[in-house]
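Below is one structure; the comments refer to it alone.
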Amino acid sequence: MNQIAQPQTFIGQRKPIFRLAAFVPFFLGAALYLSLIFAIFAALPLIYSHLRLGRVGGMLCSITNTAIIWALSGRENAAVYFVLAVVPAIAISECLKLKLRIEWNVVYTVVTTVLVSALLLVSYSHKYKINPLQKLDSFVEDVVHQVGANVEKYKATSSISSQDLEKFLVDPEMTKRNILYELPCAITITLLVLAVSNLLLVLRLNFNGVRSALGLQPGYFKTWRAPEHMVWPTLIAGFCIIVEIPVLSDIGLNVFKIFMAIYALQGLAITQYIFDLWGIKGFLRPLCYVLAVAILLPLVISIGFFDLWFNFREKFKTTQ
């Protein structure tokens, strides 16, 4: 029976250089987070420490990295790091130890992160007697006004005319309302991308033999499909947007965008399958991924959504 290898302590019969390397996760998570560019992978060293060193070693690693963030950039950043790195790392590693399906791992990670964030927000609000909704409203309003001022400067120094910019300047209140109403799906999609990115990288790097323990092949993601029954709530959410009932439409829009993000992942899985089929490797492969997400994202989402009916992987395979 395949099992995740038992955690090992970082003190063992190894050469000094390997003993020192075992301490890298104790500061690498903070370094990735502070780099901003690689902040999305700040949870990765913590997941490694949880799988490799056990729960005690993983918690010590998490506390050390959080303390570094606190010392270098303040309490607020440490709280954000805790929510976006420590909590997902614990959730992902525990789900891997329990050998849950990858889909459930992602769901539990996102839900746990949201619940912990809400708990911290409520605690902070209670301690300092602050209404979190009013605080959020004023924060978004300040951001909209600041961006509006920058847009005015941009228009004054540029001959380019944009309808989107005009709408933004004409009705900033509507812009603020749209941001607030779409914030739940934006947060959920961000956490979804964070969980999926770190989990796929853990499986790719095969921390502590986790991939073989779960019975997954290296190319697992390229064969992945969203649950077939998910198409029905997606269609219902789309219908709620069309009928334009105030509250129902806003809820439908948030739910619809979250489902589209999931179908985008299926579209990327199909893209990976096609790249393997066509032999696209090396530097060209990540470049194609960037182009697919940055320019052809609607196409990627459509491929993922309609794959239920068209089975694109089988069609591309038969054309070879």
Side-chain angles (χ1 to χ4, degrees), residues 4-12 14-98 105-106 108-130 132 135-136 139 187 190-199 201-202 205 207-208 210:
I4 298 177
Q6 292 298 316
Q8 300 178 8
T9 59
F10 50 84
I11 300 176
R14 298 183 179 182
K15 295 181 179 179
I17 185 66
F18 292 109
R19 294 181 185 179
L20 290 175
F23 286 94
V24 171
F26 286 80
F27 63 84
L28 183 58
L32 290 172
Y33 177 77
L34 293 174
S35 71
L36 297 181
I37 298 175
F38 301 105
I40 190 174
F41 299 114
L44 198 61
L46 308 184
I47 299 172
Y48 172 83
S49 66
H50 276 275
L51 294 176
R52 186 68 175 172
L53 308 177
R55 291 185 177 91
V56 175
M59 291 306 298
L60 288 174
C61 182
S62 300
I63 292 171
T64 304
N65 280 278
T66 305
I68 293 173
I69 297 292
W70 193 321
L72 295 179
S73 58
R75 181 177 59 183
E76 290 77 12
N77 255 331
V80 175
Y81 175 79
F82 177 79
V83 169
L84 297 182
V86 176
V87 175
I90 295 173
I92 289 173
S93 58
E94 290 299 321
C95 288
L96 288 174
K97 290 176 182 178
L98 292 172
N105 192 321
V106 173
Y108 287 148
T109 300
V110 172
V111 171
T112 302
T113 306
V114 170
L115 291 177
V116 172
S117 304
L119 182 61
L120 288 176
L121 184 60
V122 170
S123 301
Y124 178 83
S125 303
H126 178 73
K127 181 178 180 179
Y128 294 98
K129 309 300 180 184
I130 297 173
K135 189 74 174 177
L136 178 63
F139 173 76
I187 293 174
T190 300
L191 295 178
L192 176 67
V193 171
L194 186 148
V196 170
S197 300
N198 282 276
L199 185 56
L201 202 50
V202 167
L205 298 174
F207 286 166
N208 227 37
V210 65

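Side-chain atoms are counted along with the backbone in the values below, which use heavy atoms only and exclude waters and symmetry mates.
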Separation between [atom1] of [X] and [atom2] of [Y], rounded to the nearest 0.5 Å:
X    : Y    : atom1 : atom2 : result
L46  : S62  : CG    : OG    : 4.5 Å
F41  : I47  : CZ    : CD1   : 10.5 Å
L191 : S117 : CG    : OG    : 6.5 Å
L32  : F27  : CG    : CZ    : 10.0 Å
L28  : F23  : CG    : CZ    : 14.5 Å
W70  : E76  : CH2   : CD    : 9.0 Å

Check: [Y] main-chain N/O paired with [X] side-chain donor or acceptor under 3.5 Å:
X    : Y    : answer
N198 : I40  : yes
N208 : H50  : no
T112 : T109 : no

Take I68 and F26, measure what side-chain contact (heavy atoms from CB on, under 4.5 Å) needs, and give me the verdict at the end.
CA-CA 9 Å; I68 293 173; F26 286 80; over 6 Å; no
Tell me the side-chain hydrogen bond (donor to acceptor under 3.5 Å, both in side chains) pairs involving residues 31-47, sequence neighbours left out?
Y33-N77
Of all heavy-atom pairs between [X] and [Y], which one has the smallest distance, and what is that distance?
X    : Y    : value
P25  : N65  : O-ND2, 2.9 Å
A91  : N105 : O-OD1, 4.4 Å
V110 : A195 : CG2-CB, 4.4 Å

Is there a side-chain contact between S73 and L34 (heavy atoms, below 4.5 Å)?
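They are in contact (side-chain heavy atoms under 4.5 Å apart), so the answer is yes.
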Counting C-beta onward and ignoring hydrogens, is there a side-chain heavy-atom pair between V210 and K97 closer than 4.5 Å?
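When only atoms from C-beta onward are counted, K97 and V210 do not touch, as no gap falls below 4.5 Å.
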Assess the residue pair R52 and F207 against the criterion (side-chain contact (heavy atoms from CB on, under 4.5 Å)); give the C-alpha distance rounded to whole Å, side-chain angles, the decisive distance to 0.1 Å, and a yes or no.
CA-CA 8 Å; R52 186 68 175 172; F207 286 166; over 6 Å; no
Let me check something: any side-chain donor-acceptor pairs from residues 80-89 under 3.5 Å, sequence neighbours excluded? List them with distances.
none

Partners passing side chain to side chain contact (heavy atoms under 4.5 Å, CB included) against T190 (at least two apart in sequence or in another chain)
none
